[in-house]
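Order of the sequence lines fixes the chain letters, A, B, ..., with proteins taken first and strands second; residue numbering starts at 1 for each chain.
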Protein chains: 2
Amino acid sequence: MNGPNDLIEIRKKYHHGDLREHLLDAVRQLIEQYGPDGFSIAQACRHAGVSTAAPYKHFKDRHEIMRHVAHQALERMRDGMQRAADAYPAGSPERIMALGNVYVTFAKTEPGMFVVMFSLTTDHAQDEDLMTSGKACFDIVIGVVADHMGLARQSPEVAARAYALWCFVHGHSFLTLDGKASKIQTPLDETTIMALVGRALVPDQIAV
Amino acid sequence: MNGPNDLIEIRKKYHHGDLREHLLDAVRQLIEQYGPDGFSIAQACRHAGVSTAAPYKHFKDRHEIMRHVAHQALERMRDGMQRAADAYPAGSPERIMALGNVYVTFAKTEPGMFVVMFSLTTDHAQDEDLMTSGKACFDIVIGVVADHMGLARQSPEVAARAYALWCFVHGHSFLTLDGKASKIQTPLDETTIMALVGRALVPDQIAV
DNA sequence: TTGACTAAGTTAGGACCGCTTACATATGTA
DNA sequence: TACATATGTAAGCGGTCCTAACTTAGTCAA
């Protein structure tokens with residue numbers, strides 16, 4: 001067939017070769033382009049040059065695809081966080097700033113993925129891979145905060161401070177994405193925000 | 001007609017009477033029950049006992065309905081925040097705690113609405129009513145923080161601190177909803193969290 | 001009271017989507 | 001080479017959003 005529909009890529013062979021990964025990538029692109037609710041699996045199939053039934057040889061349903069996409073994105077962000085942590089000496093304020101910066105930058109450059117990662121629409125809380133990835137991210141924060149405070153990773157003070165840091169940065173990322181932060185009449189630039197994070201949430205004189 | 005389909009309410013008259021409000025309410029209920037992506041306008045029509053074409057006499061499209069639902073929810077939260085602010089004397093720590101508590105409680109009791117309010121799927125950033133409602137919420141925070149710090153509402157310190165507070169509470173609410181907060185191995189109860197908010201974000205010794 | 005205008009319903013249907021079933025084709029292995 | 005399996009296709013069901021054309025009922029001026 002291959003009529004005048006909007007096929008992006010014309011496949012030569014009957015078998016695709018690596019449809020699974022190609023689909024995940026197409027979905028990622030489409031989500032960034034049209035938003036998590038503005039795209040369709042059928043659209044991704046057209047990108048991959050396969051029929052709309054093909055995905056179901058690789059995935060149970062739409063939600064499973066979304067979970068895999070979210071997982072890949074979370075792993076990508078985890079890599080970024082790890083690299084940021086490795087780039088600065090333990091205990092330095094720049095290290096925490098860099099960590100927060102990865103988060104906010106990810107939200108800005110891949111807003112679609114950010115929303116999908118923290119979406120409640122697909123049942124993420126039940127997905128084991130997603131939760132372990134998320135925990136791995138948080139463990140990085142735990143380690144950095146522990147180094148900074150000079151306490152053990154298991155210390156409840158560290159846990160509380162790390163969680164507070166996560167909440168703050170997550171909230172800031174989300175409100176920025178949402179456009180609410182920009183509409184609010186505060187002349188807060190990114191530097192001020194991150195400075196506030198560094199100074200307000202990890203000073204030694206404030207105990208839990 | 002009225003065959004054996006799942007009509008909830010049987011209408012007697014040809015005209016509904018107040019379909020517009022009835023639809024918004026049905027959508028709200030369905031979102032809480034099935035999630036923002038698990039419901040359909042058609043389902044809401046069945047609740048209201050009208051045909052699936054009826055909503056388009058009142059709303060442009062699905063997105064406009066979602067925006068109205070989000071707006072109503074935001075106004076409801078604003079009322080709660082205002083009541084919390086009025087319930088405590090200016091400058092008292094309990095006042096800030098109560099304000100944050102309204103936010104978190106709203107997220108917990110109406111998770112569907114919370115997600116819709118801060119959803120990027122429907123183009124909220126363009127909606128004027130939504131943005132003004134959001135700004136009204138933030139103005140309450142501004143006022144409370146200004147009272148607490150003993151500074152003018154227009155002070156940049158107040159703006160920074162209020163925004164930080166908002167970020168923190170929003171992040172905590174979202175992570176709680178997402179299930180990530182509960183899965184993270186931190187024994188942080190709500191009281192500890194809110195205490196951390198009160199102490200870390202609005203102490204006078206930390207300047208911007 | 002009547003008759004036109006309008007608001008708010010209806011039915012019918014198109015375009016699209018997710019997903020399933022039955023069938024077709026390629027690939028690896030004995 | 002023969003068969004089992006993995007991976008594709010075509011066809012179609014039920015559902016969604018939304019539009020077009022029609023119908024009903026309420027309002028208001030003459």
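The phosphate of C:dC17 (OP1 or OP2) has a side-chain N or O of A:Ser40 nearer than 4.0 angstrom.
In this structure, the CG atom of B:Leu30 is 11 Å from the P atom of D:dT16, given to the nearest Å. Between B:Asp18 atom CG and C:dG9 atom C1' the separation is 14 Å, expressed in whole Å. One can place CG of B:Asp37 at 19 Å from P of D:dG15, the figure rounded to the nearest angstrom. Protein atom CZ of A:Phe39 is 19 Å distant from nucleotide atom P of D:dT16, rounded to whole Å. Going from atom CZ of B:Arg62 over to atom P of C:dC17 covers 15 Å, rounded to whole Å. Distance NZ (B:Lys60) to C1' (D:dT19): 13 Å, rounded to an integer number of Å. When the P atom of D:dT16 is taken as reference, atom CD1 of B:Ile65 falls 14 Å away, rounded to whole Å. To the nearest angstrom, P of C:dG18 lies 9 Å from CZ of A:Arg46.
Between A:Phe174 and B:Phe174, the gap from one ring centroid to the other is short of 6.0 Å. Taking the six-membered ring wherever Trp is involved, the centroid distance between the rings of B:His170 and B:Phe114 falls below 6.0 Å.
A cation-pi arrangement is present between A:Arg62 and A:Phe39 under the rule of less than 6.0 angstrom and at most 45 degrees off the ring axis.
Checking D:dA10, D:dC17, C:dG9 against the side-chain heavy atoms of A:Ala53 singles out D:dA10 as nearest. Comparing C:dG9, D:dC18, C:dC19 against the side chain of B:Lys57 picks out C:dG9 as the nearest. Of all nucleotides listed (D:dT19, C:dG9, D:dT7), C:dG9 comes nearest to the side chain of B:His58. Picking from D:dT9, C:dT10, C:dA8 the nucleotide with the shortest atom distance to the side chain of A:Ala54 gives D:dT9. The side chain of A:Ala42 approaches C:dC17 more closely than any other nucleotide in the set C:dC19, C:dC17, D:dT19. Counting only heavy atoms from C-beta on, B:Ile41 has its side chain closest to D:dC17 among C:dT20, D:dC17, C:dC17.
Separating the CG atom in B:Leu99 from the CE atom in B:Met97 is a distance of 11.5 Å, to the nearest 0.5 Å.
Defined by atom type and a distance below 3.5 Å, a donor-acceptor pair is missing between the side-chain atoms of A:His172 and A:Tyr103.
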